[in-house]
Amino acid sequence: MAIQRTFSIIKPDATARNLTGKINAKFEEAGLRIVAQKRIHLTKAQAGVFYAVHAERPFYDELCEFMASGPIVAQVLEGEDAIATNRAVMGATNPADAAPGTVRAEFAQSVGENSVHGSDAPETAAVEIAYFFSGLELVG
Ligand code: CMP
């Protein structure tokens, strides 16, 4: 598998508990390199655009409200098979199902407040990276 890039968010529940460094350490220990990173506070509308694919889901409004409730850290992670590697480090969406040692098993509070987001495919990674970063901000 070639070197790949994926998009990651450290969510408001995690930034509120000062977990950015602990989560980044897990990414780096797994061989992922943080090639772009910024801490921002989304508006609900900006979160809504990012999660537009979930617009018809019953949890959409709650999800957007939560993602705008505090700062997030938006990131681009680079490494071998980065999308799958990151998803393994994150663990299952619902922390009750997440494997021991994963970010969500250790830090997530619920399926909604689940500490991290990661792209699920190369196409979504490209769209998500472009939503938050310009090419000049990606420093490999
Ligand atoms: P994420 O990987 O960011 O992608 C979509 C998000 O929707 C997901 O993580 C969860 O945080 C959230 N989500 C999924 N299912 C539910 C649910 N049943 N209730 C609230 N939020 C959810």
Side-chain angles (χ1 to χ4, degrees):
M1 185 68 196
I3 296 294
Q4 195 179 48
R5 284 177 173 172
T6 190
F7 178 71
S8 164
I9 294 177
I10 300 177
K11 295 187 179 184
D13 67 286
T15 61
R17 288 174 289 146
N18 212 20
L19 293 171
T20 299
K22 286 191 171 136
I23 292 173
N24 279 348
K26 285 191 178 289
F27 294 149
E28 292 182 342
E29 281 159 14
L32 294 166
R33 183 173 293 272
I34 301 164
V35 299
Q37 178 167 260
K38 60 185 162 194
R39 183 175 169 101
I40 52 179
H41 195 148
L42 294 174
T43 64
K44 188 176 174 183
Q46 289 167 335
V49 171
F50 180 74
Y51 279 119
V53 67
H54 296 302
E56 302 307 320
R57 303 282 193 94
F59 56 80
Y60 178 66
D61 190 67
E62 180 192 334
L63 173 61
C64 297
E65 193 81 49
F66 165 62
M67 291 300 289
S69 68
I72 63 161
V73 177
Q75 312 173 300
V76 180
L77 308 178
E78 182 181 89
E80 195 78 28
D81 210 3
I83 293 172
T85 301
N86 181 40
R87 293 179 76 76
V89 172
M90 289 192 299
T93 302
N94 187 339
D97 303 327
T102 60
V103 171
R104 284 166 172 159
E106 286 192 17
F107 303 126
Q109 298 181 303
S110 66
V111 67
E113 302 196 5
N114 64 353
S115 300
V116 282
H117 164 84
S119 306
D120 61 2
E123 300 74 25
T124 44
V127 171
E128 292 176 356
I129 289 169
Y131 188 58
F132 282 91
F133 294 99
S134 77
L136 287 174
E137 293 174 304
L138 308 178
V139 184

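This chain uses plain numbering: 1 for the first residue, then up along the sequence. Every number for a ligand or one of its atoms is a count from 1 in the order of the listing.
Aromatic ring pairs are classed by plane angle as parallel below 30°, tilted from 30° to 60° and perpendicular above 60°; the pair His117 and Phe7 is tilted.
When hydrogens are left out, the protein atom nearest atom 13 (N) of ligand 1 is Phe59 CE1, 3.6 Å; that is the closest non-hydrogen contact. At the shortest separation from atom 10 (C) of ligand 1 among protein heavy atoms lies Val111 O, 3.2 Å.
Note on Met67 and Phe132: same hydrophobic cluster, where clusters join Ile, Leu, Val, Met, Phe, Trp and Tyr whose side-chain heavy atoms are under 4.5 Å apart, directly or indirectly.
Contacts between His54 and ligand 1 below 4.0 angstrom, taking non-hydrogen atoms only, involve the side chain exclusively. Contacts with ligand 1 closer than 4.0 Å are made by no heavy atom of Met67, backbone or side chain.
Polar contact check, His117 against ligand 1: a nitrogen or oxygen pair lies under 3.5 Å apart. The distance criterion of under 3.5 Å between nitrogen or oxygen atoms is not met by Gly118 with respect to ligand 1. Inclusion of Gly112 in the set of residues having an N or O under 3.5 Å from an N or O of ligand 1 is warranted. Taking any N or O of Lys11, backbone or side chain, at least one lies under 3.5 Å from an N or O belonging to ligand 1.
For the residue pair Asp81 and Thr85, no side-chain donor N or O sits within less than 3.5 Å of a side-chain acceptor on the partner.
Atoms of ligand 1 lying under 4.0 Å from any heavy atom of Tyr51, numbered from 1 in the order shown and given with element: 1 (P), 3 (O), 4 (O), 5 (C). Numbered from 1 in the order shown, with element, the atoms of ligand 1 that lie under 4.0 Å from a heavy atom of Arg104 read 2 (O).
A cation-pi contact, defined as under 6.0 Å to the ring centre and within 45° of the axis, links Lys38 to Phe133.
A salt bridge does not link Lys11 with Glu113: none of the charged nitrogens is closer than 4.0 Å to a carboxylate oxygen. By the 4.0 Å N-to-carboxylate-O rule, Asp97 lies too far from Arg104 to be salt-bridged with it.
Judged by distance alone, with hydrogens and angles left aside, the side-chain atoms of Gln4 form a donor-acceptor pair with the main-chain N or O of Ala82 at under 3.5 Å.
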